[in-house]
Number of protein chains: 2
Amino acid sequence: MRNGAEAPFGPGAHERCRDCRGFEDCPLREFPHSGHEGDVRAVSRTLERGEHVFRTGDAADFVVFLKSGALKTYTLSPAGEEKVISFYFPGDLVGLESMGLRRQLLSAEALSPCRVCALPCEELQDAGSPSRPALRRVLEHASRRLRCDASMLALLAHRSAEERVAAFLLELARRLSDRGDPALRFELKMTRADIASYLALAVETVSRVLTRLQESGVIEIERNRRVCILDSGAMEAIVGTPATGPALWSGAGLRRDSGDSVRPLNACGTSAPRVGAHR
Amino acid sequence: MRNGAEAPFGPGAHERCRDCRGFEDCPLREFPHSGHEGDVRAVSRTLERGEHVFRTGDAADFVVFLKSGALKTYTLSPAGEEKVISFYFPGDLVGLESMGLRRQLLSAEALSPCRVCALPCEELQDAGSPSRPALRRVLEHASRRLRCDASMLALLAHRSAEERVAAFLLELARRLSDRGDPALRFELKMTRADIASYLALAVETVSRVLTRLQESGVIEIERNRRVCILDSGAMEAIVGTPATGPALWSGAGLRRDSGDSVRPLNACGTSAPRVGAHR
DNA sequence: CGGCAGCTTGAGCCCAATCAACGTCCGTGG
DNA sequence: CCACGGACGTTGATTGGGCTCAAGCTGCCG
């Protein structure tokens with residue numbers, strides 16, 4: 001949404017996966033020909049803020065692994081307005097929604113400097129190529145994204161601006177902290193306009209809500225982009241005793257013990273469970 | 001949301017897949033042990049309107065193939081209100097969003113008499129079991145659902161009640177016609193409340209919009225449930241020169257010819273491309 | 001120091017939610 | 001067959017949250 005067209009993944013950018021810092025956590029690891037066995041099929045790229053990984057209509061013959069940075073996907077209405085569909089963070093797979101198609105359905109734009117890695121996925125079309133573990137891993141990512149979408153759909157229905165923004169900030173905090181303890185202090189890589197579009201609100205409303213939250217001492221915002229959640233309890237209360245967003249994975253309705261009762265909290269994000277070493 | 005708890009898939013309901021009318025189109029076909037080779041692992045069931053396939057918190061160790069009828073998935077807010085996440089029609093896979101988890105995230109309820117078929121999916125967790133074609137097929141369904149969700153997210157953002165309802169009816173028409181020519185006359189299996197919840201509107205608003213659409217001669221409604229789209233052109237105009245919903249797959253932005261330019265229209269639905277024989 | 005993109009703040013209005021009442025359909029039982 | 005009851009649907013009146021329009025402000029870059 002900033003620069004013109006860049007070649008998505010040119011031939012020059014190939015890289016050996018075994019040299020990749022994110023090797024261990026890469027969900028594409030067990031694809032054959034992905035470079036993990038030594039050949040050079042994985043294509044890696046660095047993007048500046050505002051650059052596109054792909055645009056609507058580009059060939060959809062790859063899946064993208066986000067190694068570092070942040071992305072958004074969006075669609076353009078015929079009127080030309082951008083609707084943000086989702087945000088992506090390190091460890092996420094981007095472009096899953098276009099896997100069966102020949103063309104990308106959405107556009108993916110870097111919100112900050114990014115390192116991404118693309119695996120050409122003709123292999124997925126061909127019968128024999130991708131290994132089952134790799135397929136299962138991709139499927140797991142897809143499933144996680146479906147959960148994320150379900151939560152978003154629930155959030156957008158009948159929830160006030162305040163609830164949406166609070167839920168958004170809480171989820172961001174969860175997703176940005178790779179593990180356990182939510183990082184209560186983080187940087188918003190996206191603009192107010194992006195947030196507004198994502199939450200189906202007007203920019204002004206997002207701004208007002210943030211101001212209100214600040215005035216009530218629940219959060220603090222420094223220099224427009226750094227957010228600090230001062231009272232996460234109050235935030236959760238605003239979202240509404242684990243409301244529709246979180247309710248999806250907060251364990252409401254879980255009849256039996258163990259296992260998922262904690263994990264699903266993390267499952268909301270698209271973020272992979274463990275994404276250690278990328279930086 | 002109607003009867004009490006039913007055992008999701010009891011041991012008595014097993015059936016030989018080769019006897020199943022939907023055999024050829026079944027996306028679970030190539031799972032080993034799914035009964036397709038003769039053993040009896042696929043579990044099939046008939047549901048009445050109002051019965052649940054599964055509920056939030058049930059074991060999520062299966063994926064469900066909908067052979068006939070219609071389903072909705074929903075989540076309950078702590079306050080107990082139901083938020084409809086999605087509708088399902090013959091050929092769809094239900095429960096993909098819970099695949100990585102142990103427990104179902106959503107509840108799935110029959111909107112009409114249904115025939116469903118469940119495949120226990122421990123196989124997906126184990127390394128070697130599911131065949132790659134089967135995994136790819138499931139992945140394709142997941143991808144299609146992600147597209148559907150993206151379209152929904154776009155539809156719920158900044159679209160008026162009229163646009164939402166019109167888009168909903170048009171998409172229903174598309175999904176219900178298994179192939180090509182949209183069926184302009186069909187039955188709403190879901191209640192106004194379901195539609196309202198799905199579209200994030202109040203029941204009264206849905207009702208009012210339907211009345212308005214009828215008065216302007218764009219649609220006709222007989223006996224509350226049978227819808228007839230009289231002027232699909234006008235409907236599309238309301239949605240807004242292929243607006244945000246359809247815009248996702250209407251080909252806007254497709255730079256090159258061929259292939260997807262027609263297909264994506266169908267890709268919006270969760271419905272599989274070809275679901276012939278189920279009735 | 002300007003310039004510009006992004007952000008905030010204010011005033012007014014409008015669409016859809018809410019509340020309340022009525023109508024309709026359909027199954028059940030007399 | 002009709003009467004009853006409950007779920008579902010419609011219609012009307014009112015209200016309020018968030019959108020819109022319109023300035024003004026902030027922080028960042030050249």
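Only a predicted model underlies this, so the values are computations on that prediction, with no experimental measurement involved.
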Next on the checklist: Measure CZ/A:Arg192 against C1'/C:dT9 and give the value in whole Å, please.
Outcome noted: 14 Å
Next on the checklist: Between A:Asp194 and A:Lys189, does any NZ, NE, NH1 or NH2 come within less than 4.0 Å of an OD or OE carboxylate oxygen?
Outcome noted: no
Checklist entry - Any side-chain donor paired with an acceptor under 3.5 Å for B:Arg164 and B:Tyr198? => result no
Item to check | Between B:Gln104 and B:Ser98, a side-chain donor and acceptor under 3.5 Å | outcome: yes
Item to check | salt bridge (charged side-chain N to carboxylate O under 4.0 Å, His left out) partners of A:Glu222, counting only residues at least two apart | outcome: A:Arg185
Checklist entry - So, B:Tyr88 and B:Arg145: side-chain donor and acceptor under 3.5 Å apart, yes or no? => result yes
Checklist entry - Taking DNA chain D as the partner, which of residues 196-213 of chain A come within under 4.0 angstrom of it by heavy atom? => result A:Ala200, A:Leu201, A:Ala202, A:Glu204, A:Thr205, A:Arg208
Next on the checklist: If you take any heavy atom closer than 4.0 Å to DNA chain D, which residues from residues 215-227 of chain B end up in contact?
Outcome noted: B:Asn224, B:Arg225
Checklist entry - Given atom CD of A:Glu48 and atom P of D:dC29, what is their separation to the nearest angstrom? => result 13 Å
Next on the checklist: Without decimals, in angstroms, what is the distance between A:Arg159 CZ and C:dA17 P?
Outcome noted: 15 Å
Polar-atom pairs under 3.5 Å, protein N or O versus N or O of nucleotides 1-4 of chain C: list them with distances, or write none.
none

Item to check | Side-chain ion pair, A:Glu187 and A:Arg225, N-O less than 4.0 Å | outcome: no
Next on the checklist: As an exercise, state the distance from CG of B:Leu169 to CG of B:Leu184, rounded to the nearest 0.5 Å.
Outcome noted: 11.5 Å
Next on the checklist: If only side-chain N and O atoms count, and only distance matters, is there a donor-acceptor pair under 3.5 Å linking A:Ser207 with A:Arg192?
Outcome noted: no
Item to check | Residues which pass side chain to side chain contact (heavy atoms under 4.5 Å, CB included) with B:Ala108, listed by chain and number, not counting sequence neighbours | outcome: B:Val53, B:Phe54, B:Thr73, B:Val94
Item to check | Under the side chain to side chain contact (heavy atoms under 4.5 Å, CB included) test, residues paired with A:Arg208 that sit two or more places apart | outcome: A:Glu204, A:Arg212
Checklist entry - To the nearest angstrom, how far is B:Glu162 atom CD from C:dC14 atom P? => result 17 Å
Checklist entry - Whole-Å distance between D:dG18 C1' and A:Leu156 CG? => result 14 Å
Next on the checklist: What is the distance, to the nearest angstrom, from the CD atom on B:Glu82 to the P atom on D:dC8?
Outcome noted: 11 Å
Item to check | Value in whole Å for how far the C1' atom of C:dA17 lies from CZ of B:Arg164 | outcome: 12 Å
Checklist entry - Just checking, is any N or O donor in the side chain of B:Thr56 or B:Arg103 under 3.5 Å from an acceptor N or O on the other one? => result no
